[in-house]
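Following: one structure in structure tokens, then a few remarks.
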Amino acid sequence: MPAMLEEVKLGSSREPLSSADVNLLRRADAAGQRLFRELVGRRITWSTVGEVNRLIAADVVAVSIPAPGCEHPRPCRQLRCQDQLEMKAVLGNRAARLPGLVLAPGAGVGGRVLQTGRAFSVSHYHEASFDGELIELAREEGIASLLAVPISFAGVVRGVLHVGLRRPGGFGPGVAEALSRVATYAGAAFAAAADRARVEELARLRERRRLVRALHDDLGQQLFGVGVQARRARESATTGNPDLMTHLHELEGQVARASGALRATMNGLAPQQAQASSLALVLAEDLAAFQGRTALPAHLLVLDEPAPLPPAPVDLLARVAREGLRNVERHAQASEVVVTLRVDDGAAELTVQDDGVGCRGGLRPGRLGLRSLREEVEKLGGELRLTANDDVGATLRVCLPRE
């Protein structure tokens, strides 16, 4: 029997929805809104898969995103290269090669979704010829029906949501519409994550330029004078000039003035009262060092407007973040880490999340660093917990009162 590939007309049915379908769509909206909790691409892919898995009784759920795997000069505008997909998140799979699989350019239902921006369903795979790789994977997974929905925003398709059923029957109109809504939210979340990454990079560049200007205007000029005076002292020493001691005394004064300029610059850069923004800068530097050591993507997400913090919580939160990053580096076997900071009128909360092997039993006796930090947190009236995530990885969360 040949494969049946048909376009799914989402949102076009004029038939009245049942109460079960209406409830499903409401749950789909709530699931989609939860995708905006963590605006990091990899977390959005896994959150999308998890939300769909909880929303409907699907057997296999996956999210694929375009994979720039061609060797052509950028930007490559060849359709076959743009149609290449890589499965970044998969749940319910039997085939070990499904996660991370790169689907051939221009082939199969995924490529058609990317080209058209429309949803497609496939059933009856036996003796099909339009996509050999898809057929082979479907047989390995035992999938009878597959629905592929575009993850898009503002007319740009940013990925494909694949949902498969091993049992016969296919997808009803309410289920297809619910999956379309989740995919729309996911597209908006991907777009917001890209915008946030650009804003953060711009903020880092501006901060670096500000530091360079401050150091150049004061300390740079002082160090230039030190160099000139040191050269004069060296010339006096080599020629026997009696002005050697005069030059050395002047050099000593130049060093003292340079030291004073450095202190003045540092005092000018440091806030008079500890701010969440200064903590964010420290966290950004720690994440950059972590990424340099491990080559793992590391992201910082600061929520809401920064508020003042006493020095003690700032130092403690920074040390908790460093200990969490060390544990991820040593034990998690993760591929990505996200640090989130939120400071409001009542409390300061910091989380370190990874997508590694997770944890069991919370703070075990062997985690001496975290146990000692928890004691310090509790002395300040706060709470520190290490828990396993619902999907993958673990979350270290610390919450401190601001008062």
Side-chain angles (χ1 to χ4, degrees), residues 34 36-47 50 193 196 200 274 276-304 306 309-310 312-344 346-402:
R34 287 193 291 268
F36 290 85
R37 291 181 299 185
E38 302 172 58
L39 295 181
V40 177
R42 180 174 177 82
R43 301 299 301 177
I44 294 172
T45 58
W46 277 107
S47 296
R196 181 192 64 81
E200 286 187 350
S277 56
S278 63
L279 175 59
L281 182 59
V282 172
L283 295 174
E285 293 174 349
D286 289 342
L287 283 172
F290 171 86
Q291 188 165 327
R293 293 193 309 270
T294 64
L296 298 179
H299 311 276
L300 175 63
L301 180 58
V302 180
L303 305 178
D304 301 330
L309 279 175
V314 169
D315 176 70
L316 184 53
L317 290 171
R319 287 191 290 124
V320 170
R322 293 190 191 107
E323 183 65 23
L325 292 174
R326 279 194 291 267
N327 285 334
V328 172
E329 183 177 355
R330 295 171 183 171
H331 310 296
Q333 302 177 30
S335 61
E336 194 168 26
V337 62
V338 179
V339 175
T340 305
L341 175 65
R342 180 198 295 272
V343 181
D344 55 28
E349 183 181 62
L350 181 139
T351 61
V352 180
Q353 298 173 296
D354 65 79
D355 59 353
V357 297
C359 65
R360 296 181 179 178
L363 297 182
R364 297 191 300 272
R367 299 183 182 273
L368 181 60
L370 288 179
R371 292 176 66 85
S372 61
L373 285 172
R374 183 171 65 176
E375 294 176 359
E376 294 187 50
V377 168
E378 291 175 348
K379 287 180 181 178
L380 294 180
E383 181 183 25
L384 186 148
R385 291 184 297 168
L386 177 64
T387 58
N389 297 335
D390 293 337
D391 43 11
V392 293
T395 297
L396 174 65
R397 176 175 284 103
V398 55
C399 185
L400 293 172
R402 287 193 57 227

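Atom set for the values below is all heavy atoms of this structure, side chains included, hydrogens, waters and symmetry mates excluded.
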**OP:** Please report the closest heavy-atom contact between Gly381 and Pro401, naming both atoms and the distance.
**Re:** O-CD, 3.6 Å
Original post:
Can you tell me how far CZ of Arg371 sits from CD of Glu323, rounded to the nearest 0.5 angstrom?
Top reply: 13.0 Å
**OP:** With side chain to side chain contact (heavy atoms under 4.5 Å, CB included) as the test, would you mind laying out the steps for Leu301 and Val40 before giving the verdict?
**Re:** CA-CA 9 Å; Leu301 180 58; Val40 177; 5.6 Å; no
Subject >> Residues forming a side chain to side chain contact (heavy atoms under 4.5 Å, CB included) with Arg293, sequence neighbours excluded >> reply: Ala289, Phe290, Glu329
**OP:** Could you tell me whether the side chain of Leu317 reaches within less than 4.5 Å of the side chain of Leu400, counting heavy atoms only?
**Re:** yes
**OP:** State whether the number of non-hydrogen atoms from other residues, nucleotides or ligands found under 6.0 Å of Glu378 atom CD is greater than 12.
**Re:** yes
Original post:
At what distance, to the nearest 0.5 angstrom, does CZ of Arg196 lie from CG of Leu300?
Top reply: 8.0 Å
Original post:
Which atom names give the shortest non-hydrogen contact between Leu386 and Ala394, and what distance separates them?
Top reply: CD1-CB, 4.3 Å
Original post:
Do Ser335 and Arg42 get their side chains close enough for a donor-acceptor pair, meaning under 3.5 Å?
Top reply: yes
Original post:
Heavy atoms, side chains only, cut-off 4.5 Å: are Val352 and Val337 in contact?
Top reply: yes
**OP:** To the nearest 0.5 Å, tell me how far Leu287 CG sits from Gln291 CD.
**Re:** 8.0 Å
Original post:
Looking only at heavy atoms, which two atoms of Leu384 and Leu370 are closest? And how far apart?
Top reply: CD2-O, 4.4 Å
Subject >> Working for side chain to side chain contact (heavy atoms under 4.5 Å, CB included), residues Arg319 and Val314 >> reply: CA-CA 9 Å; Arg319 287 191 290 124; Val314 169; over 6 Å; no
**OP:** List the atom of Gly324, the atom of Leu396, and the distance in Å for their closest heavy-atom pair.
**Re:** CA-CD2, 3.7 Å
Original post:
Can you name the one residue among Asn389, Thr340, Asp354 that meets side chain to side chain donor-acceptor pair (under 3.5 Å) with Thr395?
Top reply: Asn389
Original post:
Could you give the distance from OG1 (Thr294) to CZ (Arg330), rounded to the nearest 0.5 Å?
Top reply: 13.0 Å
**OP:** Could you tell me which residues satisfy side chain to side chain contact (heavy atoms under 4.5 Å, CB included) with Val392, sequence neighbours excluded, listed by chain and number?
**Re:** Asp355
**OP:** Compare every heavy atom of Ala348 with every heavy atom of Val343, then report the nearest pair and how far apart it is.
**Re:** CG2-CB, 4.1 Å
Subject >> Rounded distance (nearest 0.5 Å) linking atom CD1 of Ile44 with atom CZ of Phe36 >> reply: 7.5 Å
Subject >> Contact check, side chains of Glu376 and Leu380, non-hydrogen atoms, under 4.5 Å >> reply: no
**OP:** State, to 0.1 Å, how close Ala193 and Leu39 come at their nearest heavy-atom pair, and which atoms those are.
**Re:** CB-O, 3.5 Å
Original post:
Would you call Arg385 and Glu383 a salt bridge, using N to O less than 4.0 angstrom?
Top reply: yes
Original post:
Would a distance-only check, ignoring hydrogens and angles, find a side-chain to backbone donor-acceptor pair under 3.5 Å from Arg342 to Val302?
Top reply: no
Subject >> Of all pairs that satisfy salt bridge (Lys or Arg N to Asp or Glu O under 4.0 Å), the ones with a partner from residues 388-397, not counting sequence neighbours >> reply: Glu349-Arg397
